[in-house]
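Below is one structure, written out as structure tokens, with a few remarks after it.
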Amino acid sequence: MTILVTGGAGYIGSHMVLELIDHGYDVAILDDLSTGCSAVIHKDARFFQGDVADEAIIDRICQSCDISAVFHFAGSTSLPESIGDPLRYFQNNTEASRALVQNLLRYGVRHIVFSSTAAVYGATSSAPIAETAPCQPASPYGWSKLFTEQMLQDASRASGIGIAILRYFNVAGADPAGRIGQSTPDAQSLIKVACAVAAGKRDVLEIYGNDYATPDGTCVRDYIHVSDLVIAHRLALVALQSGGANILCNLGYGKGHSVREIADAVGRAAGAPLPVRNQPRRAGDQAIVISNADLARERLGWTPAFDDIDVILKTAFAWENVPAR
Ligand SMILES: NC(=O)c1ccc[n+]([C@@H]2O[C@H](COP(=O)([O-])OP(=O)(O)OC[C@H]3O[C@@H](n4cnc5c(N)ncnc54)[C@H](O)[C@@H]3O)[C@@H](O)[C@H]2O)c1
Ligand SMILES: O=c1ccn([C@@H]2O[C@H](COP(=O)(O)OP(=O)(O)O[C@H]3O[C@H](CO)[C@H](O)[C@H](O)[C@H]3O)[C@@H](O)[C@H]2O)c(=O)[nH]1
């Protein structure tokens with residue numbers, strides 16, 4: 001039996017493929033390479049290039065591989081971008097996921113693990129955020145993922161397919177063995193940009209807002225190492241395959257770091273202070289986003305191995321600090 005990883009040429013998906021192949025699974029990847037990178041596609045995975053919403057390509061994959069489970073990472077991922085282009089987010093995250101699930105159900109796929117986000121909680125929540133907090137997304141990105149969560153839960157009730165919905169906080173870092181990292185060419189996430197500045201590929205780190213109600217005025221986020229994140233995904237699949245109930249849980253470390261702290265720490269990792277420039281607030285940002293991830297530890301038996309911001313930044317910078325990347 002083969003595991004299908006959508007978005008397996010992207011940042012998180014490529015780390016998932018590595019984790020699965022390291023654990024002896026057969027893997028197929030479906031990716032349209034819209035933001036993914038062919039250089040990170042694992043040589044031992046079968047690669048299909050195309051859109052997850054395309055019925056014909058799902059037919060081709062399911063007829064040539066015996067797909068038992070799907071990790072669904074493919075999607076559009078930028079919260080600020082979604083504010084300017086909401087319809088693309090609802091199309092590529094919600095509608096494309098609906099088409100994918102409908103087509104997969106025809107082939108008897110039994111389990112789906114879905115990439116959701118802390119952005120589903122939005123403005124109304126206090127920190128740390130547990131899964132029981134109300135969901136009031138502050139962006140089309142958050143809504144597009146929340147709608148998909150609801151759709152998956154309803155499809156599961158109707159069809160019996162097992163689902164795990166994992167709400168990630170801020171994912172960062174790279175494979176500690178240096179095999180892959182975040183290769184998305186124009187990624188705008190804080191740690192990616194800060195490491196690019198430290199590696200001399202960008203001139204300055206813009207800090208979006210220094211007047212928030214936080215200790216140093218900059219936004220606080222809960223950064224989780226990508227390798228811990230994908231381990232939790234593998235454990236979620238094992239739990240579903242063992243006959244466990246559907247899963248909905250946060251993935252984070254339950255601690256926060258400010259933008260300013262990250263800038264200082266990346267400067268330390270790189271051996272020179274980072275040039276920074278204060279800018280106005282970015283639309284859609286919350287001041288503080290920190291998880292309560294107790295449920296993931298209980299339900300999945302997950303024990304993070306890289307819960308250290310310096311390890312996250314060291315692996316991210318080591319990956320970025322190669323001129324060709
Ligand atoms: N990076 C984070 O901090 C974070 C946090 C929360 C949730 N997520 C979610 O995790 C998932 C992966 O994010 P990432 O950071 O690896 O992003 P990414 O852009 O690196 O990866 C997404 C991959 O999906 C592919 N893709 C996009 N639309 C597709 C489509 N319609 N059909 C086929 N392939 C398609 C892209 O080419 C890319 O390879 C996304 O669903 C994202 O919303 C990410
Ligand atoms: O160059 C930059 C980039 C980011 N930031 C700031 O750094 C913080 C983190 O921003 P990111 O863009 O790295 O991450 P977000 O918190 O906006 O969003 C991330 O985490 C969310 C979950 O919390 C979503 O899932 C989303 O996909 C993912 O990009 C924000 O305050 C942002 O304004 C800067 O100051 N300068």
Side-chain angles (χ1 to χ4, degrees), residues 5-16 29-38 40-41 48-54 57 71-82 88-89 91-93 95-97 99-100 114-122 129 137-139 141-142 144-145 148 166-172 182-194 196-197 202 204-210 212 214 218-224 226 229-230 233 250-252 257-260 262-263 276-291:
V5 180
T6 76
Y11 168 47
I12 303 174
S14 61
H15 286 80
M16 186 76 243
I29 294 171
L30 171 58
D31 197 301
D32 65 3
L33 298 183
S34 53
T35 58
C37 179
S38 53
V40 301
I41 296 171
F48 296 84
Q49 184 171 352
D51 189 329
V52 295
D54 179 1
I57 203 159
F71 287 94
H72 179 32
F73 292 98
S76 302
T77 67
S78 164
L79 187 154
E81 185 183 68
S82 77
R88 182 156 76 81
Y89 274 70
Q91 195 286 322
N92 202 39
N93 289 346
E95 165 52 20
S97 297
L100 172 71
F114 173 61
S115 299
S116 191
T117 166
V120 299
Y121 294 113
I129 307 170
S139 64
Y141 171 67
S144 72
K145 292 285 187 175
T148 307
L166 303 178
R167 293 176 174 166
Y168 321 157
F169 285 62
N170 289 59
V171 187
Q182 186 166 19
S183 303
T184 321
D186 332 308
Q188 301 297 322
S189 55
L190 176 65
I191 289 179
K192 173 78 179 174
V193 173
V197 173
R202 292 191 190 215
V204 64
L205 174 70
E206 314 277 10
I207 295 184
Y208 300 130
N210 62 356
Y212 286 96
T214 61
T218 66
C219 289
V220 171
R221 296 288 181 273
D222 181 351
Y223 295 94
I224 172 173
V226 65
L229 187 94
V230 298
H233 282 62
N250 290 337
L251 291 176
H257 299 278
S258 73
V259 175
R260 172 58 72 176
I262 296 295
V276 300
R277 189 161 53 213
N278 288 322
Q279 293 288 0
R281 292 180 177 198
R282 198 178 68 173
D285 273 345
Q286 307 300 311
I288 301 178
V289 184
I290 298 176
S291 68

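Order of listing sets the numbers, starting from 1, for every ligand and every atom in it.
- At least one heavy atom of Ser116 sits less than 4.0 Å from an atom of ligand 1.
- Tyr141 meets the ring-ring contact (aromatic ring centres under 6.0 Å, His included) test with no other residue; sequence neighbours excluded.
- Looking at Leu251, Thr77, Ile12 and measuring to atom 1 (N) of ligand 1, the nearest heavy atom belongs to Ile12.
- Residue contacts with ligand 1 include Gly50, since one of its heavy atoms falls under 4.0 Å from the ligand.
- By the criterion of a heavy-atom distance under 4.0 Å, neither the backbone nor the side chain of Ala96 is placed next to ligand 1.
- For ligand 2, the polar-atom distance check against Leu205 finds no nitrogen or oxygen pair separated by under 3.5 Å.
- Residue-level proximity to ligand 1 for Lys145 is carried by the side chain, the only part with a heavy atom below 4.0 angstrom.
- Counting heavy atoms from C-beta outward, Ser78 and Tyr89 have side chains that approach closer than 4.5 Å.
- Among Asp32, Thr35, Leu229, the residue whose heavy atom lies closest to atom 38 (C) of ligand 1 is Thr35.
- Atoms of ligand 2 found under 4.0 Å from any heavy atom of Thr117 (numbered from 1 in listed order, with element): 21 (C), 22 (C), 24 (C), 25 (O).
- Applying the ring-ring contact (aromatic ring centres under 6.0 Å, His included) test to Tyr208 and every residue at least two apart in sequence or in another chain returns nothing.
- Considering only non-hydrogen protein atoms, atom 3 (C) of ligand 2 sits nearest to Gln188 O, 3.4 Å.
- Compare Ile12, Thr77, Val193 by their heavy atoms: the one nearest to atom 28 (C) of ligand 2 is in Thr77.
- Proximity to Tyr168 (heavy-atom distance under 4.0 Å) selects the following atoms of ligand 2: 22 (C).
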